[in-house]
Student: 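Before anything else, here's the structure in question.
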Amino acid sequence: MGHYYDIDDILIEEELVSVVFQKAANGVGILDPGAETSTVEQGSKVELPFWLAHELHLRQAVSVNVPACFDQKTRKEIQADAACVDLRNRCAYFYELGCKIAPLVGDKTIGALLLYAFKSRYKDVLIKAHTAAFSLAPKFMTLLTNEETNLYEAAQSSMAAFKRWRMGGARFQRAAVLGKKRRPDD
Amino acid sequence: MYGREARQLVKELSSGENGQLKAFNSDMVDQVTKACSVHHLELQSLIRKIQEEGLDTQTTRNADHFGALIHHLALIRNKRCLMAYVYNRADSIRNLRWKVGNVLPQEIKGKLSHPEQEYFKNHDTALNLYMSALDLDLTVDFVPPKDPYIQVRVIDDIGEVFLSDKKTNLVCHSIHFLKRNDAEQYISQGLMEELMG
């Protein structure tokens, strides 16, 4: 459970998951684009954000399906060459969502999949963060999930800090809040 | 979909470059609070419907109950997003006092809402009170000093100022040998840069 105010935690819970309503619900027709009345019927298949699906699942109002990003095709690709799979496109919070969704869908294999994917991709992220030139980075960055991007940036900034410590250099810096270039036009 | 506007707000926080504030999005905040009122009304009308049917609102688990539940959850979700928006901005605003000093540059000031500007002032007052009680300036020497004096180049017209030991005219592009403490605030505001020997 993330921190209440945590931005990433809030955004993870915005990921859509597909659910099947086990109970009907009145006055929420907007949730089901196919509904003709304002009622979502029992048995309708609807895409809900995780925060809603999770709470409704706890009250046995819906059953949650395994999201598409954990399907067989993705699994095969990860097994073939994990580092080249475009996980960002499938789900920007692949790992975190996996951790949150696994207990809901009762799929024991998701944990192993996440671990395998992370182990094989982490090495690559770390090596690239230390060696890749800045011009090369953007192409490779588009494959990374947000968790991996954070790791990548952490690795890069610690490398930069290490270099600064060894070579010496300006110790004072302008506050990051001001942005890179400031041209006051008043 | 419920919570769409609230999601936009939180997205805005995460898209800013490391710790940079964006203008306070009062439009979006209004939209979210409006959505909250709508959810509240829907919730009330569904509960009333249950009561009119003569059912117990605590134990009934019919379609109305689940409809009300969904509106309730959406309300709570919107609240969380609003709170996160304000909280994380307040965090950055407190940081501003430490990084930029007690006077905000105009372009940052314009991005704060009125209560936020008030908050900044109050934080400034509290910090000043504490520092005068301690008789110690906590905002200097964030980087451990090697030498009490450093060489700097002025990169913006600052004009004539009183520094701790003398009156100095800081013209653009001039180079000075200043006390670290004096230079520190100008560097963090981006008006000077440190020259490395």
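Just so it is clear: chains get the letters A, B, ... in the order the sequence lines come, proteins before strands, and each one is counted from 1.
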Student: If two hydrophobic side chains count as joined below 4.5 Å and joins carry through other members, does M28(B) share a cluster with F24(B)?
Tutor: yes
Student: Check whether A74(B) gets within reach of chain A through its side chain, its backbone, both or neither, counting any heavy atom under 4.5 Å.
Tutor: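 Both backbone and side chain of A74(B) come within 4.5 Å of chain A.
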Student: With a 4.5 angstrom heavy-atom cut-off, which part of K79(B) approaches chain A: side chain, backbone, both or neither?
Tutor: both
Student: Name, in order of residue number, those residues of residues 122-132 of chain B that have a heavy atom at a distance of less than 4.5 Å from a heavy atom in chain A; otherwise write 'none'.
Tutor: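 No residue falls under the 4.5 Å cut-off.
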Student: Between D64(B) and chain A, with a heavy-atom cut-off of 4.5 Å, which part of the residue counts as in contact: side chain, backbone, both or neither?
Tutor: both
Student: Output yes when E55(A) and R77(B) qualify as a salt bridge under the 4.0 Å nitrogen-oxygen rule, no when they do not.
Tutor: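 Salt bridge flag = no for R77(B) with E55(A).
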Student: Where do Y2(B) and G27(A) come nearest, in terms of heavy atoms and distance?
Tutor: OH-O, 4.1 Å
Student: Heavy atoms only, distances under 4.5 angstrom: which of N62(B), I70(B), I76(B) has the most pairs with chain A? Name it, please.
Tutor: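 Answer, by heavy-atom pair count under 4.5 Å with chain A: I70(B).
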Student: Tell me whether the rings of H3(A) and Y87(B) are parallel (<30°), tilted (30 to 60°) or perpendicular (>60°).
Tutor: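 It falls in the tilted class, 30° to 60°.
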Student: What are the two closest heavy atoms between R80(B) and Y4(A), and how far apart are they?
Tutor: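 In terms of heavy atoms, the two residues are closest at NE-O, 2.8 Å.
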Student: Side chain from CB out, backbone as N, CA, C, O: work out which of these in Y85(B) comes under 4.5 Å of a heavy atom of chain A, or both, or neither.
Tutor: neither
Student: Please indicate whether R153(B) has more than 12 foreign heavy atoms, meaning atoms of other residues, nucleotides or ligands, lying under 6.0 Å from its CZ.
Tutor: no
Student: Do V66(A) and L48(A) sit in the same hydrophobic cluster, where Ile, Leu, Val, Met, Phe, Trp and Tyr count as joined when their side-chain heavy atoms come under 4.5 Å apart?
Tutor: yes
Student: Can you tell me how far the CD1 atom of I7(A) sits from the CG atom of L9(B), to the nearest 0.5 Å?
Tutor: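 So the gap between those two atoms works out to 11.5 Å.
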Student: Can you name the side-chain hydrogen bond (donor to acceptor under 3.5 Å, both in side chains) partners of D107(A), sequence neighbours left out?
Tutor: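 For D107(A) the side-chain hydrogen bond (donor to acceptor under 3.5 Å, both in side chains) partners, ignoring immediate neighbours, are T109(A).
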Student: Within a strict 4.5 Å, meaning less than it, do heavy atoms of the L73(B) and L56(A) side chains meet?
Tutor: yes
Student: Name all residues meeting the side-chain contact (heavy atoms from CB on, under 4.5 Å) criterion together with K123(A); count only those two or more places apart in sequence or in a different chain, and write none if there are none.
Tutor: none
Student: Does any heavy atom of chain B fall under 4.5 Å from the side chain of Q42(A), the backbone, both, or neither of them?
Tutor: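 Interface part for Q42(A): neither.
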Student: Restricting to non-hydrogen atoms, name the atom on G67(B) and the atom on A25(A) that form the minimum distance, rounded to 0.1 Å.
Tutor: N-CB, 3.8 Å
Student: Top residue by heavy-atom pair count (under 4.5 Å) with chain B, among P49(A), S38(A), A24(A)?
Tutor: A24(A)
Student: Using the rule that two of Ile, Leu, Val, Met, Phe, Trp, Tyr join whenever any of their side-chain heavy atoms come within less than 4.5 Å, decide whether Y186(B) and V103(B) are in one cluster.
Tutor: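 Cluster IDs for Y186(B) and V103(B) differ.
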Student: Kindly work out whether a path of hydrophobic side-chain contacts (I/L/V/M/F/W/Y, heavy atoms less than 4.5 Å apart) joins L104(A) to V20(A).
Tutor: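 The answer is no; the residues belong to distinct hydrophobic clusters.
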Student: Please rank K23(A), E47(A), E14(A) by heavy-atom pairs under 4.5 Å with chain B and give me the top one.
Tutor: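 If we count pairs closer than 4.5 Å to chain B, E14(A) comes out on top.
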Student: If hydrophobic clusters are built by linking Ile, Leu, Val, Met, Phe, Trp and Tyr wherever their side-chain heavy atoms come under 4.5 Å apart, do L82(B) and I10(A) end up in the same one?
Tutor: yes
Student: Evaluate whether atom CD of Q60(A) has more than 12 neighbouring non-hydrogen atoms of other residues, nucleotides or ligands under 6.0 angstrom away.
Tutor: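 Check fails, neighbour count at 12 or below.
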Student: Mind ranking T39(A), D8(A), L11(A) by heavy-atom pairs under 4.5 Å with chain B and telling me who comes out on top?
Tutor: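 Winner by heavy-atom pair count: L11(A).
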Student: Residue by residue, which of residues 32-49 of chain B have a heavy atom closer than 4.5 Å to a heavy atom belonging to chain A?
Tutor: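 At a heavy-atom separation under 4.5 Å, chain A is reached by E42(B), L46(B), K49(B).
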